[in-house]
Protein chains: 2
Amino acid sequence: MATLKLDDFLPYRLSIASNRVSAAIASAYQALFGLKISEWRLVAVIAEGPGMTQQALGLATRMDKVTVSRAAAALVERGLVARQPNPGDQRSHMLALTTTGRALYDDVAPKALELEARVFGGFSPKEIATFRAMLDRIEASAAPFDPEQG
Amino acid sequence: MATLKLDDFLPYRLSIASNRVSAAIASAYQALFGLKISEWRLVAVIAEGPGMTQQALGLATRMDKVTVSRAAAALVERGLVARQPNPGDQRSHMLALTTTGRALYDDVAPKALELEARVFGGFSPKEIATFRAMLDRIEASAAPFDPEQG
DNA sequence: GCTATATCGTTTCATCTGAAACCAGTTGGA
DNA sequence: TCCAACTGGTTTCAGATGAAACGATATAGC
């Protein structure tokens, strides 16, 4: 008879920790900037490399195309992102930050890093590197099970 | 102008890794046993220490009382869990596994450990301990922001 | 060219989640 | 012994999520 203590079960611990962090971040973004996490992710990726289609954004953020569609629509609606025609394909558009969007990004980014610093504040640079590498390995070994092929 | 590469942002990486693992586990439980993660968590905790109220289960699994209520109802409905009167308080019940429920648990637990082993297979015992300790710290430092208090 | 198939993005629908309202039962004071 | 405040649990409601169906455009094979 196998025994399993829930508190020792790593997938459970991982889920709890991740949910707590996400909840903290989500409520901060919402309160400070009226942004959802999915919207913030899009802004961050578009800021890095403007002129991406939603399909490319989905790959970059590992989010579902439905989520991307809704987040993009909200950002366009708020005037933070503009859609430009994609010369090569009329089904899609190139997304870029507007001036307002850029200003918001410049505002949010430092706060995001600050939040990260608070949550991972006790970690040394070496520990951060170790943790990041572990997440990579977990992500890779969990992916095969996962239907979504990000 | 702060720059933030999403792929380097730890809360993002944590969320992605956790979601992948959860999705893998959820679909396995669903396919093999018809259990949701919340239901499985309840079964695991009740197996460890029978005779808990839903309130205690919520604390042990860190799940919302609504989630616990629904998971418990589903398990009772399926005959895996039985409610016994709580002599000290008529608002609540003591939950325990039925014989069927115990049999299911004995069936699920090894599979759960197997899945965990597959996802964390590349980790040495020392790495597992390190990772667990890091999750503890993250959980602790994210909790203060989080409205839900255990 | 023309048609079948594939792709980008949106919409619809069914499910999951938790906040808030709610009901039943409990407790602490006057 | 009341009644007000509280607590355990359920129900209701609103938001988030993703699978599947859909419309519009692109592409490949004939």
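Below, chains carry the letters A, B, ... as their sequence lines are ordered, and counting in each starts from 1.
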K.L.:
Answer with yes or no whether the side chains of B:S15 and A:R41 bring together a donor and an acceptor at under 3.5 Å.
P.N.:
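Distance-only check passes for A:R41 and B:S15.
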K.L.:
I want to confirm an ordering. Mapping A:Q30 and A:N86 to their closest nucleotides on DNA chain D, which one lands closer to the 5' end?
P.N.:
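With A:Q30 and A:N86 compared, the 5'-side residue is A:Q30.
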K.L.:
Salt-bridge test for A:E127 and A:R132: reply yes if a basic N is under 4.0 Å from a carboxylate O, no otherwise.
P.N.:
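Salt bridge flag = no for A:R132 with A:E127.
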K.L.:
Regarding A:S38, tell me which of base, sugar-phosphate or nothing describes its non-hydrogen contacts under 4.0 Å with the strands shown.
P.N.:
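No contact at all - A:S38 keeps every heavy atom at 4.0 Å or more from the nucleic acid.
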K.L.:
Can you measure B:I37 atom CD1 to C:dT17 atom P for me and round it to whole angstrom units?
P.N.:
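So the two atoms are 8 Å apart, to the nearest Å.
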K.L.:
Once you round it to whole Å, what is the distance between C1' of C:dG18 and CZ of B:R62?
P.N.:
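Roughly 18 Å, once rounded to whole Å.
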K.L.:
Does A:Q54 have any side chain to side chain donor-acceptor pair (under 3.5 Å) partners at least two apart in sequence or in another chain, and if so, which?
P.N.:
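Residues passing side chain to side chain donor-acceptor pair (under 3.5 Å) with A:Q54: A:R83.
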K.L.:
Specify the separation, in whole Å, of atom CZ of A:R83 and atom P of C:dC8.
P.N.:
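Atom CZ in A:R83 sits about 15 Å away from atom P in C:dC8.
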K.L.:
Taking the six-membered ring of A:F123 (Phe, Tyr or Trp), confirm whether the NZ or CZ of B:R137 is under 6.0 Å from its centre and within 45° of its axis.
P.N.:
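That pair qualifies as a cation-pi contact.
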K.L.:
Of all the choices, C:dA19, C:dG9, D:dG9, which nucleotide is nearest to the side chain of B:Q55 once you look at every atom?
P.N.:
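Nearest listed nucleotide: D:dG9.
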K.L.:
Picking from C:dG18, C:dT11, D:dT25, which would you name as closest to the side chain of A:D89?
P.N.:
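Output: D:dT25.
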K.L.:
Looking only at the side chain of A:R70 (C-beta and beyond, no hydrogens), which of the listed nucleotides D:dT10, C:dC13, C:dT7 gets closest?
P.N.:
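So the side chain of A:R70 is nearest to C:dC13.
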K.L.:
For the pair made of CG in A:L75 and P in C:dT10, what is the distance, rounded to whole Å?
P.N.:
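In whole Å, C:dT10 P lies 12 Å from A:L75 CG.
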K.L.:
Please state how far atom CE in A:M63 lies from atom C1' in D:dT17, giving the value in whole angstrom units.
P.N.:
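Rounded to whole Å, this separation is 12 Å.
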K.L.:
Atom CD of A:Q84 and atom P of C:dC8: how far apart are they, to the nearest Å?
P.N.:
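Answer to the nearest Å: 20 Å.
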K.L.:
Which one, C:dG18, D:dA20, D:dT11, comes nearest to the side chain of B:S69?
P.N.:
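From the listed options, D:dT11 comes nearest.
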K.L.:
Taking side chain to side chain donor-acceptor pair (under 3.5 Å) as the definition, give me every residue that meets it alongside B:D107, ordered by chain and number, with sequence neighbours left out.
P.N.:
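Not a single residue meets the side chain to side chain donor-acceptor pair (under 3.5 Å) criterion with B:D107.
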K.L.:
For A:H93 and D:dT25, what is the distance between atoms NE2 and C1' respectively, to the nearest whole Å?
P.N.:
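Checked: the NE2 to C1' distance equals 11 Å.
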K.L.:
Specify the residues of residues 39-48 of chain A, ordered by number, for which at least one heavy atom lies under 4.0 angstrom from an atom of DNA chain D.
P.N.:
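Close to the strand, none.
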K.L.:
Is a donor-acceptor contact shorter than 3.5 angstrom present between the side chain of B:R91 and the base of D:dT7?
P.N.:
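Answer yes: a donor N or O sits under 3.5 Å from an acceptor.
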K.L.:
Counting side-chain heavy atoms from CB outward, which of D:dG9, D:dT25, C:dG9 is closest to A:Q90?
P.N.:
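The nucleotide sitting nearest to the side chain is D:dT25.
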K.L.:
Looking only at heavy atoms, which two atoms of A:T3 and B:L113 are closest? And how far apart?
P.N.:
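For A:T3 versus B:L113, the nearest heavy atoms are O-CD1, 4.2 Å.
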K.L.:
Rounded to whole Å, how long is the line connecting atom CE of B:M94 with atom P of D:dG8?
P.N.:
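Interatomic distance, CE of B:M94 to P of D:dG8: 13 Å.
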K.L.:
For the CD1 atom of B:I138 and the CZ atom of B:F131, what is their distance to the nearest 0.5 Å?
P.N.:
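With rounding to 0.5 Å, CD1 (B:I138) is 7.5 Å from CZ (B:F131).
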K.L.:
Please determine, for the side chain of A:K65, which listed nucleotide (D:dG18, D:dA21, C:dC16) has the closest atom?
P.N.:
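Minimum distance to the A:K65 side chain belongs to D:dA21.
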